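Read the structure below first, then the notes.
The structure displayed is predicted, hence computed values, not measured ones.
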Amino acid sequence: MRRLLSVVVCFLMVLTASCIPMDVRAEDGYPTRVIHVVYDDSGSMIRTGGNPVDTWCQAKYSMEVFAAMLGAQDTMNIYVMSDYVQGTTAEPRLRLNGGDGASANVSKVHDMLTSAGETPFNAVRKAYADLAEASADEKWLVVLTDGEFQDAENMDDFFAGKQQDVKVMFLGMGAAAASIQADEGNHIFFEKAETSKEILNRITDICTRIFNSNKLQVDTDTLQFSFDVPMSELVVFAQGADVRINGLTAEDGTEVPAGVAPVPVRYCEEATTNASYTDIKVDTNLVGSIQTFQGDYGSGTYTADVAGAETLEIYYKPNVSIAVELIGADGSPVESMDALEAGDYTLSFGFVRTGSGEKVPDSRLLGDVEYTAKVTINGEEQEQAYTSGDTITLEEGTFQVDATARYLKYNTVTTHLSYDIFKNKGMELQVTDNPACVVDGKGLAGGGSPIVLKATLEGNEFTEEQWQDVDDLQITQPADEERITFRTEKGKEPGIFYIYPVMEEGKRPRGEFHDLELAVRASGKSGLESWSGGTSVAVQVDDQRSWFEREFDNIVRAAICLLVLLLILGYVPPFKKRLPKKLKKMPEISCKPNIPGKRLWTAKGRFSKNRLSTLIPYKAETGTLRFLPSGVSGVPVMKLKAAGGNRMEIVNTKAYGGKTALTIDGVPVSKDAKKNLRKSAGTIIKYSTKDTDYTCIPSK
């Protein structure tokens with residue numbers, strides 16, 4: 001039973017449209033597939049040595065599975081040997097299109113009855129001729145026979161002369177079955193099964209060799225299975241009298257939809273239309289259900305919801321594509337394969353999840369993986385077959401990689417990559433004419449003659465087309481020299497640059513001029529390729545002005561600095577005399593009554609500066625002092641002037657001359673006083689009336 005299961009699923013994997021063929025074209029998606037099956041319906045398939053055998057039942061049951069698993073783009077034609085006894089004119093007995101649906105195709109195979117005749121090789125000739133004319137990504141000629149062909153010539157020569165795009169799978173069933181020479185390099189495969197029990201094993205071997213039907217381990221108690229690589233297809237095959245496949249569930253509880261209903265397959269009860277075979281053997285154990293899940297399934301644990309199954313097997317197809325990565329000299333992967341620069345790279349191969357580019361980890365589910373690649377540089381195919389880790393030198397031009405990954409022993413995926421390799425080129429700049437910049441009293445004499453540079457591309461002259469892709473010249477000049485600037489001009493003649501000195505018009509040249517060192521750089525880009533180069537240009541400046549013209553700005557600056565200094569000194573002692581800092585704005589006035597019974601009391605005087613005197617440099621500060629309480633009349637305020645040395649002068653002494661009631665430091669002012677009195681902020685000013693004696697010290 002398990003061998004039968006393996007057979008059915010193997011053939012299922014042959015025909016399902018989601019399988020990735022040996023020569024995958026990644027850009028095409030699912031391949032188109034045409035399968036021509038030569039079905040041996042001879043009597044020996046029903047009775048051998050006078051005894052009934054169930055070989056016919058097993059073969060037909062397998063073809064039902066084929067029909068159930070045809071993809072939408074698949075075509076399977078069945079050529080029945082008994083139809084070709086008289087020649088090769090007969091059409092296939094059945095034409096099955098995957099787009100017609102599994103149920104319809106299974107019914108056609110199930111209902112097909114043949115005459116159980118002979119084994120003419122014409123059936124193989126016809127099946128191959130039709131296949132050779134077919135157009136598909138993948139073509140298979142499958143021959144199932146249990147006897148010698150009646151009209152075969154040299155079968156080895158026949159198959160050896162086939163077209164390269166036709167692949168042959170030949171199974172000889174029985175000790176007397178025909179044999180051919182296998183040639184795996186030419187996609188010719190042969191297996192032989194001498195007993196009916198060996199038939200299923202041989203079919204399994206063939207399917208495993210070419211189409212790699214791989215099983216996942218299923219926990220028989222929980223019906224759980226897991227995988228650590230993404231899958232594109234999961235095939236659930238359950239066999240039992242009352243089996244039901246309800247679906248799959250991911251570990252997060254998400255139900256995995258199948259998209260289509262399970263396809264039942266069942267043994268046939270009729271073997272042939274030939275009435276001679278009334279006693280036939282039927283294998284009634286051949287009952288099952290096949291459910292195919294196609295999509296993009298991430299790694300994880302899944303649970304199969306299956307009931308009534310005697311056996312359960314789950315086959316898988318990894319959803320992987322081969323990826324080619326280039327590692328640069330710095331050890332980092334090249335991020336953009338659309339812009340590859342010439343140089344040395346290390347090739348690195350690996351699997352990625354199809355459609356996403358997500359890297360796939362190493363896994364036992366991929367088996368032993370072998371990567372190889374053929375490299376073509378500028379149309380010349382390299383003799384070396386490259387493997388992962390090899391170093392490759394890319395040259396300017398075209399670079400093509402045909403990479404192949406073989407995994408799970410016989411599975412193969414390939415990819416073809418083509419890139420344009422560019423090489424950044426260096427530009428050389430040479431000064432061909434370097435006139436001096438002549439500076440006179442008006443600016444640049446004669447407007448300034450240009451400096452001429454000649455540009456070449458790695459020693460070669462620029463073409464007109466290349467010159468159009470070159471940008472204007474870039475100049476970097478000393479930051480401390482901006483009086484002479486430079487403008488560039490790309491000449492009409494390829495490779496010629498002009499550098500013009502520029503000074504602002506209408507302004508007299510200022511300061512001294514010295515020779516300059518300019519850094520110039522040119523660049524361009526054509527497609528992915530860029531060009532760049534630079535040089536330095538020594539600019540000679542011929543200053544023809546007189547000493548006074550050159551130093552005029554310095555002279556003006558010196559004069560301004562002197563004036564500023566003189567102005568500042570006008571505010572600094574001793575050049576500017578300031579009133580004593582101890583003068584209080586509101587000095588205290590002590591008032592002592594001369595009338596018995598009255599107490600001593602105090603009042604406030606007022607000192608204020610003349611603001612203008614503080615702002616004018618070199619002018620001594622002036623101010624006024626009211627030393628009597630408000631309301632005491634007849635005595636003018638005291639006018640003060642700074643005398644230096646923290647002293648002050650009373651400049652209105654005449655106003656107090658001859659007034660005996662007023663004393664300054666205990667001395668009345670003389671009536672004929674002419675000089676200013678020089679005092680400190682602590683001088684004692686006293687004025688007496690008949691009622692009160694007033695005393696004021698300006699610093700208190």
Side-chain angles (χ1 to χ4, degrees), residues 11 14-15 32-45 55-56 59-60 62-63 66-67 74-97 108-109 112-174 176-193 199 202-203 206 210 272-274:
F11 276 101
V14 172
L15 301 175
T32 58
R33 181 182 290 107
V34 175
I35 304 165
H36 287 187
V37 179
V38 178
Y39 172 56
D40 185 352
D41 67 333
S42 62
S44 60
M45 295 283 284
T55 307
W56 69 274
K60 198 170 181 183
S62 297
M63 286 194 295
F66 303 165
D74 290 345
T75 300
M76 184 171 77
N77 297 325
I78 298 177
Y79 295 78
V80 176
M81 286 189 180
S82 60
D83 292 342
Y84 297 93
V85 174
Q86 302 301 323
T88 59
T89 58
E91 294 299 315
R93 177 67 66 93
L94 288 181
R95 294 184 183 271
L96 304 180
N97 294 311
K108 290 178 182 179
V109 176
M112 182 184 73
L113 294 177
T114 66
S115 60
E118 301 175 353
T119 56
F121 193 69
N122 282 335
V124 178
R125 294 188 181 97
K126 175 62 174 175
Y128 169 73
D130 291 349
L131 189 61
E133 294 179 0
S135 177
D137 291 322
E138 190 172 336
K139 303 177 185 180
W140 282 98
L141 176 61
V142 180
V143 180
L144 305 176
T145 181
D146 71 339
E148 290 286 349
F149 287 101
Q150 295 172 339
D151 55 350
E153 299 170 357
N154 191 325
M155 289 191 296
D156 289 336
D157 290 344
F158 177 84
F159 289 117
K162 71 175 182 61
Q163 295 180 357
Q164 281 295 313
D165 61 344
V166 174
K167 301 171 185 178
V168 176
M169 178 191 297
F170 192 107
L171 174 61
M173 299 178 290
S179 300
I180 66 170
Q181 183 65 43
D183 185 358
E184 295 186 8
N186 196 25
H187 300 298
I188 300 173
F189 305 93
F190 171 74
E191 292 289 349
K192 187 170 184 179
I199 292 175
R202 294 297 178 266
I203 293 176
I206 292 172
I210 301 176
T272 178
T273 59
N274 192 329

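In terms of modelled atom types and a separation under 3.5 Å, the side chain of Thr273 and the main chain of Thr114 share a donor-acceptor contact. Side chain of Asn274 to backbone of Ser115: a donor-acceptor contact under 3.5 angstrom is found. Judged by distance alone, with hydrogens and angles left aside, the side-chain atoms of Lys167 form no donor-acceptor pair with the main-chain N or O of Glu138 at under 3.5 Å. Here the side chain of Thr145 pairs no donor or acceptor atom with the backbone of Gly172 at under 3.5 angstrom. Using a distance-only test at 3.5 Å, with no hydrogens or angles considered, a donor-acceptor pair links the side chain of Asp151 to the main chain of Phe121.
Here the CZ-CZ distance, from Phe158 to Arg125, works out to 7.0 Å after rounding to the nearest 0.5 Å. Put simply, CG on Leu141 and NE2 on His187 are 14.0 Å apart, with the number rounded to the nearest 0.5 Å. Atom CG of Asp74 and atom CZ of Arg33 lie 5.0 Å apart (nearest 0.5 Å). Between the CE atom in Met81 and the CG atom in Asn122 there is a gap of 11.0 Å [rounded to 0.5 Å]. Note that the CG atom of Leu94 and the CG atom of Asn77 stand 9.0 Å from one another [nearest 0.5 Å]. One distance of note links CG of Leu113 with OG1 of Thr272; it measures 7.0 Å at 0.5 Å rounding.
Heavy atoms only, all atoms of each residue included: Gln163 and Lys139 are closest at OE1-NZ, 4.2 Å. Scanning all heavy atoms of the two residues, the minimum distance from Ala136 to Val34 falls at CB-CG2, 3.7 Å. Minimum heavy-atom separation, Phe189 to Glu184: CE2-CG, 3.8 Å.
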| message | Could you walk me through whether Val109 and Ile78 satisfy the side chain to side chain contact (heavy atoms under 4.5 Å, CB included) test, starting with their C-alpha distance in whole Å, then the side-chain angles of each, then the deciding distance to 0.1 Å, before giving a yes or no? | response | CA-CA 9 Å; Val109 176; Ile78 298 177; 4.2 Å; yes
| request: Start with the C-alpha distance between Ile180 and Val143, add both sets of side-chain angles, then the distance that settles side chain to side chain contact (heavy atoms under 4.5 Å, CB included), and finish with yes or no. | output: CA-CA 11 Å; Ile180 66 170; Val143 180; over 6 Å; no
| query | Please walk me through it: do Val124 and Met155 pass side chain to side chain contact (heavy atoms under 4.5 Å, CB included)? | reply | CA-CA 10 Å; Val124 178; Met155 289 191 296; over 6 Å; no
| request: List the steps, then state whether side chain to side chain contact (heavy atoms under 4.5 Å, CB included) holds for Ser179 with Lys192. | output: CA-CA 8 Å; Ser179 300; Lys192 187 170 184 179; 3.9 Å; yes
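Aromatic ring orientation, Phe170 versus Phe190: tilted (interplanar angle from 30° to 60°). Between His36 and Tyr79, the ring planes lie tilted relative to each other; the angle falls in the 30° to 60° range.
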Sequence neighbours left out, cut at 3.5 Å: what donor-acceptor pairs do the side chains of residues 84-92 make with other protein atoms?
{"unit_1": "Tyr84", "atom_1": "OH", "unit_2": "Ala90", "atom_2": "O", "d": "3.0"}
{"unit_1": "Tyr84", "atom_1": "OH", "unit_2": "Glu91", "atom_2": "O", "d": "3.2"}
{"unit_1": "Glu91", "atom_1": "OE1", "unit_2": "Arg95", "atom_2": "NH2", "d": "2.7"}

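Side-chain atoms of Asp40 and Thr119 include no donor-acceptor pair closer than 3.5 Å.
Salt bridge status for Arg93 with Asp41: absent, with no side-chain N to carboxylate O gap under 4.0 Å.
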